[in-house]
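What follows is a single structure, written as structure tokens, with notes after it.
As a basis for the values below, the full set of heavy atoms in this structure was taken, side chains included, without hydrogen atoms, waters or symmetry mates. So that the names make sense, note that chain A is the first sequence line, chain B the second, and so on, each numbered from 1. The model shown is predicted, which means the values in this text are computed figures rather than measured ones.
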There are 2 protein chains.
Amino acid sequence: MPRRSSGRVTLQHIAERVGVTKITVSRALREPHLVSATLQLRIESAIDELGYIPNHSAGALASGRSHSVALLIPSLSNSVFSEIQRGIEEGLSEAGYQVLIGHTGYSILEEERLIDTYLRYGVEALILPGSRHTGHACRLLRQARIPVVETLELTETPLDINVGLDQHQAGKAMTQTFLDQGYRRVGFLGARMDHRAQLRMAGWETAMQQAGLSTERCLTTPHPSSYRLGGEMLASMLDRWPDLEGIFCGNDDLAAGALFECQRRRMNVPDQLALAGFNGLDITEATSPPLATVVTPRRLIGDTIARRLLARLQGAPLQPASEDLGFRIRRGGSL
Amino acid sequence: MPRRSSGRVTLQHIAERVGVTKITVSRALREPHLVSATLQLRIESAIDELGYIPNHSAGALASGRSHSVALLIPSLSNSVFSEIQRGIEEGLSEAGYQVLIGHTGYSILEEERLIDTYLRYGVEALILPGSRHTGHACRLLRQARIPVVETLELTETPLDINVGLDQHQAGKAMTQTFLDQGYRRVGFLGARMDHRAQLRMAGWETAMQQAGLSTERCLTTPHPSSYRLGGEMLASMLDRWPDLEGIFCGNDDLAAGALFECQRRRMNVPDQLALAGFNGLDITEATSPPLATVVTPRRLIGDTIARRLLARLQGAPLQPASEDLGFRIRRGGSL
DNA sequence: ATGAAAGCGCTAACAG
DNA sequence: CTGTTAGCGCTTTCAT
């Protein structure tokens with residue numbers, strides 16, 4: 001009688017049932033071509049009958065490989081990440097990796113906690129939103145010696161793979177679009193104000209300053225963005241700066257919320273007020289008028305991450321480098 | 001020289017550095033009160049210096065406990081789940097559980113695959129969206145003998161814990177609200193048509209039939225729902241049934257998309273066409289007019305799941321039972 | 001308060 | 001194609 005035992009069905013049980021040793025059963029599962037066809041069948045049926053479920057921890061411990069990768073996303077309710085995730089998942093699951101999702105709530109402290117957790121789980125790579133991390137997180141990542149992907153934004157000093165787009169440049173380009181259309185009193189509206197939101201806003205500032213225009217018409221909040229918030233903040237801005245001609249919103253949710261508030265006030269968009277968002281989510285094509293936005297190549301980002309990460313996992317050397325996948329301005333009808 | 005070794009820092013390394021055995025280090029980590037204060041400090045600093053990261057697989061294998069729970073969600077881009085997730089995560093992480101997120105893409109086959117995967121990982125409980133599962137999934141769940149939560153919808157035959165709301169009843173109640181307001185030619189618009197969407201639609205049918213009204217004005221698609229799709233489907237419905245007085249949309253995205261299409265056509269909502277959605281997402285309060293919707297208690301669902309699951313994890317017996325957390329109809333201004 | 005021994009379930013390495 | 005042996009890194013159990 002064993003002193004400890006989980007009562008779970010193990011390889012050993014299958015092996016006894018079939019009349020071989022457990023290593024053969026193990027092989028039948030992992031390298032079927034090394035096992036005779038008849039045995040293979042008998043093993044399969046024994047597994048089925050007994051309801052064997054492999055113990056991932058035991059396998060990972062013995063082999064030193066977890067076949068899993070962690071993907072950290074800032075928020076579950078932000079659809080920006082869903083396409084990126086699809087690209088990543090498709091590429092990696094094909095190669096036998098399980099993608100473990102964690103969400104940071106836009107906090108680098110929570111990101112640090114998750115990095116620690118997933119390193120304990122022995123993930124073979126980490127995909128992180130953004131390029132800002134806590135000092136301890138960076139130390140953990142360095143020690144772990146596993147591939148790391150930083151995504152969404154670009155950084156001068158990537159830890160490893162960096163795939164995204166230049167958020168500052170994109171913010172600047174969208175602002176320039178306002179200016180090209182003749183708008184002058186262009187404000188900025190931002191929520192949450194994570195690093196990417198800050199970069200976009202900085203892009204707006206740069207463009208405005210280069211055009212010799214005022215950057216005073218700016219309203220931001222640390223609160224999470226939402227449609228409602230977009231409407232409320234638009235109202236505040238119009239109160240304070242009734243002369244506004246256009247507003248660049250840090251993301252599509254805010255822009256849509258702002259548009260709804262304009263509709264409520266019977267303000268014509270873009271004649272009385274031009275609006276633009278950021279990301280090119282589905283909603284920007286559905287509203288009336290469609291919203292101007294910066295279309296980000298999210299699916300491409302996901303595919304690219306999968307491809308480059310697989311190369312690293314399969315032995316490609318560490319060569320920290322950024323890959324800029326660009327963006328596209330879409331004027332919609334709101335600008 | 002050991003034949004195999006990962007090169008990672010282990011408990012053994014810490015122990016040697018401090019001059020104790022590894023079991024003492026292990027205790028210092030898990031039951032600090034059993035270790036003398038001075039040792040505790042020396043162990044902590046050694047861990048810090050060497051950058052020790054515990055190996056979760058080894059711990060899980062030795063103890064038979066993974067301290068993790070899997071939460072499967074249908075889609076990352078659907079914010080319906082984000083509040084549920086928050087409630088679950090807060091409750092469980094406080095109790096020392098790591099919540100692993102997986103997404104099924106609304107497919108019970110993918111759900112089955114994820115259940116299998118996470119059982120291999122040794123999760124101590126599973127939280128599933130919905131009550132429809134493949135036969136093999138049910139078998140796996142039964143064999144695993146761990147707590148299972150089925151959520152969002154209610155079922156007569158819960159596997160274990162079941163927390164949600166009566167989707168059929170909710171669909172019926174929203175339809176009845178149309179009828180109470182005097183609308184008669186009320187259609188139904190649905191996308192994706194997963195089980196919950198089907199239940200909502202069945203609720204609409206029931207209410208219409210009980211009122212002796214036609215259920216012909218119904219358009220559904222298996223495609224994922226989106227704002228754009230809501231607009232396109234509304235257009236099709238108006239083409240086909242120009243006499244429509246109201247449309248109950250299976251979710252808020254479709255309803256919002258439909259509203260935008262009405263705005264494009266300069267159709268007054270609700271005078272020319274009444275609209276309603278389902279879930280009570282943020283957008284329903286932001287549009288102009290605000291959208292009628294079925295407000296679902298998502299945060300409460302999450303909190304309730306956490307509470308009941310913790311009880312089960314701490315030994316409460318298996319007592320399959322459903323908990324109906326209800327819903328609220330909000331008329332908004334579109335109905 | 002600390003230690004020794006055994007073992008969790010699996011796979012790497014080598015043998016045949 | 002199949003088996004033997006050792007060990008992955010940790011925790012349990014029992015001793016001291």
Side-chain angles (χ1 to χ4, degrees), chain A residues 1-43 46-47 50-68 96 119-122 124, chain B residues 1-43 46-47 50-68 96 119-122 124:
Chain A
M1 189 66 181
R3 286 200 303 145
R4 289 150 63 187
S5 124
S6 58
R8 255 172 80 158
V9 178
T10 70
L11 275 188
Q12 183 68 49
H13 294 123
I14 308 296
E16 283 165 12
R17 177 69 159 259
V18 176
V20 292
T21 55
K22 57 185 180 179
I23 185 65
T24 303
V25 180
S26 174
R27 284 203 189 95
L29 254 34
R30 293 175 301 124
E31 305 160 299
H33 58 284
L34 294 181
V35 171
S36 73
T38 50
L39 239 177
Q40 183 73 29
L41 286 174
R42 287 170 52 216
I43 288 175
I47 285 177
L50 300 184
Y52 169 65
I53 293 172
N55 182 323
H56 175 268
S57 292
L61 182 58
S63 68
R65 299 210 40 196
S66 69
H67 298 282
S68 51
L119 288 179
R120 294 171 188 226
Y121 276 75
E124 299 182 31
Chain B
M1 191 66 179
R3 288 199 303 144
R4 288 151 65 187
S5 122
S6 56
R8 253 173 79 158
V9 178
T10 70
L11 274 188
Q12 183 67 48
H13 294 121
I14 307 295
E16 283 164 12
R17 177 68 160 261
V18 175
V20 292
T21 55
K22 57 184 180 179
I23 183 62
T24 303
V25 181
S26 173
R27 283 202 190 96
L29 255 33
R30 293 174 302 121
E31 305 160 301
H33 58 284
L34 293 182
V35 171
S36 71
T38 52
L39 239 179
Q40 183 74 32
L41 286 174
R42 288 169 51 214
I43 288 175
I47 286 177
L50 299 185
Y52 170 65
I53 293 171
N55 183 322
H56 175 268
S57 291
L61 181 58
S63 69
R65 297 211 42 196
S66 69
H67 298 282
S68 51
L119 287 179
R120 294 171 188 226
Y121 277 74
E124 300 182 31

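- With sequence neighbours excluded, the residues satisfying side chain to side chain donor-acceptor pair (under 3.5 Å) with His13(B) are Thr10(B).
- Applying the side-chain hydrogen bond (donor to acceptor under 3.5 Å, both in side chains) definition to pairs two or more places apart or across chains, those involving residues 19-28 of chain A are Ser26(A)-Arg30(A).
- Distances from the side chain of Ile23(B) to the nucleotides dG3(C), dG9(C), dT4(D) place dG3(C) closest.
- Ser66(B) is linked by a side chain to side chain donor-acceptor pair (under 3.5 Å) to Ser68(B), counting only residues two or more places apart in sequence or in another chain.
- Scanning residues 25-33 of chain A for heavy-atom distances under 4.0 Å to DNA chain C yields Ser26(A), Arg27(A), Arg30(A).
- Using five terminal pairs a side, the axes of the helix from dA1(C)-dT16(D) to dG16(C)-dC1(D) at its two ends make an angle of 20°, given in steps of 10 degrees.
- Taking every side-chain heavy atom of Thr10(B) into account, dG9(D) is the closest of dA1(C), dG7(D), dG9(D).
- Within the 4.0 angstrom heavy-atom criterion, only backbone atoms of the sugar-phosphate kind lie near Gly59(A); the bases stay farther away.
- Look at NZ on Lys22(A): it is 12 Å from P on dT5(D), rounded to the nearest Å.
- For residues 52-64 of chain A, no residue pair satisfies the salt bridge (charged side-chain N to carboxylate O under 4.0 Å, His left out) rule, not counting sequence neighbours.
- In this structure, the side chain to side chain donor-acceptor pair (under 3.5 Å) partners of Arg120(B), at least two apart in sequence or on a different chain, are Asp116(B).
- Non-hydrogen atoms lying under 4.0 Å from DNA chain D are contributed by Leu11(B), all within residues 11-18 of chain B.
- Annotation: side chain to side chain contact (heavy atoms under 4.5 Å, CB included) contacts of Ile47(A) (sequence neighbours excluded): Ile14(A), Leu29(A), Ile43(A), Tyr52(A).
- With sequence neighbours left out, Arg17(A) forms a salt bridge (charged side-chain N to carboxylate O under 4.0 Å, His left out) with Glu49(A).
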